[in-house]
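Reading through the structure tokens given below for one structure.
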Amino acid sequence: MSFDVRVLSGEDDLLAASATFRTALIGLPPLPPGTDVTEFFEPGRTLGAFDGGRLVGTADSYASTLTVPGGARAPHAAVTHVGVLPTHTRRGVVTALMRRQLADAAARGEVVATLRASEAVIYERFGYGIASSSARREVSRRQAVPRPGVPRGGPVRLADPAASWKLLAQIYESATGRAGMIGRPASWWRQQEQRQAAAPGPAYVAVHGRDGREDGYVRYHPTGTEEWFTSRDRVIVVDDFVAATPEAYAGLVRYLLGLDLVDRIVLPSTAPDDPLPLLLTDDRAVRTVCVRDETWLRLVDVPAALSLRAYRGPGRVALAVTDDLLPGNTGTYLISEDGAARTEGPADLTVDVATLGALYLGGSRWWQHARAGRVAVHRDGALETAEALFHTDALPFSGTGF
Ligand SMILES: CC(C)(COP(=O)(O)OP(=O)(O)OC[C@H]1O[C@@H](n2cnc3c(N)ncnc32)[C@H](O)[C@@H]1OP(=O)(O)O)[C@@H](O)C(=O)NCCC(=O)NCCS
């Protein structure tokens, strides 16, 4: 079945897109009263699929950047608001939307697209792979004692949560060096602001660093406030933890661990290799509750993406990539620590674009995908060479939901 897919622009269409997305997702919390959802859309980036004039599916994105290994920032489409009405699923609606969205991203010069998936079976067919994971952790605060050698960190001050958004955005911008981090669009910050303003309970912001030289912050809120006075399990949830320096990291961890009254600190989204347990005399004070897929990454422009990231020698590998949706990406690329370039020579390894997306930021290992039958090996030793070239010290991590 074919659907008419077009860019949505007027207020009515954008309101309809928001309603379609929310209906498709079924269980999203209600929007705060007075929310102007049209502020959350960027002009020209919201797509609608129509069935006989009726909007039945939508897909959207923000203009952003994605930090890649080596620190470069790739032009990036942060894909969001993907949904198809339950009355119209399995008829090719999301396929039509994804095709158009990828074509638009390529035409804009966006090198990568990423998204957060509600289900893990949807996006691989469109060339997305799981490029980073996120760990939910809980800290038993009274058990969590920093080791003697943990740096003290600098000064931490409380800031007015309603008046500090601009400062937080500045600090965040200075802290995006890790592969997987994204540039947060203005509309992302606006949504956080609206959400916080509408939240019934208190919220706090602690900022690390001297005035004018702030280099980290933590946003958090308590839960179960009705019983707070008598509770034996007082919980805070960390909504955002950003540290541009090791001092800020240590200072903010110490600040959280020093919160009298609090029994449990919930960190819904941390890097899987976050060193927090290693900072403590008893590393069981930190429990990893679960590890989930975080960044689904699609290489929109494979040659540009391969050229943007850094590699570590020694050796070189000729990598054949297949891409059915964006066939211009299909080809063989010679990769070494000097960079990446197309080659007409024979391939050492073959991957599809979704598998390369999963490997691109260094978040998984080549041998793991080879075991899954997703890497074809044509030369002995090529897998190990690719492993070394793509290796990164830290696991990729975004820390931004959108
Ligand atoms: C996924 C979703 C959009 C449905 O799309 P749809 O229009 O039914 O998908 P299509 O008809 O284009 O299906 C394409 C293929 O994907 C498969 N597919 C799509 N969604 C699937 C799902 N949830 N589970 C299993 N298979 C699925 C279809 O079976 C079809 O397979 P085929 O090509 O082998 O026949 C809908 O379930 C939804 O709105 N989910 C939430 C989206 C989301 O994750 N949003 C947040 C990210 S920003």
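We count ligands from 1, going down the list as the structure has it; atoms in each ligand are counted the same way.
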Looking only at N/O atoms, are T95 and ligand 1 under 3.5 Å apart anywhere?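 Checking ligand 1 against T95, an N or O pair does fall under 3.5 Å apart.
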
Heteroatom distance test (A117, ligand 1): nitrogen or oxygen, under 3.5 angstrom: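 No - when backbone and side-chain N and O of A117 are compared with those of ligand 1, no distance drops under 3.5 Å.
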
Report yes or no: do Q194 and E39 form a side-chain donor-acceptor pair below 3.5 Å?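 Side chains of Q194 and E39: pair found under 3.5 Å.
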
Identity of the nearest option to [atom], non-hydrogen atoms only, from [options]:
{"atom": "atom 30 (C) of ligand 1", "options": "H81, R125, M98", "answer": "R125"}
{"atom": "atom 44 (O) of ligand 1", "options": "A96, G57, S118", "answer": "S118"}
{"atom": "atom 2 (C) of ligand 1", "options": "V84, T58, L28", "answer": "V84"}

Pairs of donor and acceptor atoms involving the side chains of residues 112-129, under 3.5 Å and at least two apart or interchain, shall be tabulated with distances.
{"unit_1": "T114", "atom_1": "OG1", "unit_2": "H76", "atom_2": "NE2", "d": "2.8"}
{"unit_1": "R116", "atom_1": "NE", "unit_2": "T400", "atom_2": "O", "d": "3.2"}
{"unit_1": "R116", "atom_1": "NH2", "unit_2": "S398", "atom_2": "OG", "d": "2.9"}
{"unit_1": "R116", "atom_1": "NH2", "unit_2": "T400", "atom_2": "O", "d": "2.8"}
{"unit_1": "R125", "atom_1": "NE", "unit_2": "I122", "atom_2": "O", "d": "3.3"}
{"unit_1": "R125", "atom_1": "NH2", "unit_2": "V121", "atom_2": "O", "d": "3.2"}

Does atom 35 (O) of ligand 1 have a protein non-hydrogen atom under 4.0 Å from it?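 So far as the 4.0 Å threshold goes, atom 35 (O) of ligand 1 is out of reach of every protein heavy atom.
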
Describe, in one word, how the ring planes of F241 and Y249 are oriented to each other, choosing from parallel (under 30°), tilted (30 to 60°) and perpendicular (over 60°).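 Rings of F241 and Y249: perpendicular, over 60°.
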
Relative to each other, are the rings of H81 and F41 parallel, tilted or perpendicular (30° and 60° limits)?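 Because their plane-to-plane angle lies in the 30° to 60° range, the rings of H81 and F41 count as tilted.
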
Please confirm whether R6 makes a cation-pi placement over F50, using NZ or CZ under 6.0 Å from the six-membered ring centre and within 45° of the ring normal. yes

Atoms in ligand 1 flagged as close to [X], the criterion being non-hydrogen separation under 4.0 Å:
{"X": "A24", "value": "39 (O)"}
{"X": "R116", "value": "46 (C), 47 (C), 48 (S)"}
{"X": "G92", "value": "10 (P), 11 (O), 12 (O)"}
{"X": "G83", "value": "39 (O)"}
{"X": "R91", "value": "11 (O)"}
{"X": "T80", "value": "48 (S)"}

Pick one of side chain, backbone, both or neither for how [X] approaches ligand 1, counting any non-hydrogen atom pair under 4.0 Å.
{"X": "L115", "result": "neither"}
{"X": "T89", "result": "both"}
{"X": "W296", "result": "neither"}

Using 0.5 Å steps for rounding, measure from the CZ atom of F402 to the CD1 atom of I182.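 The distance works out to 5.0 Å.
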
Return the OG to CZ distance between S307 and R342, rounded to the nearest 0.5 Å. 10.0 Å

Among V353, L299, D352, exactly one meets side chain to side chain contact (heavy atoms under 4.5 Å, CB included) together with D323. Which residue is that? V353

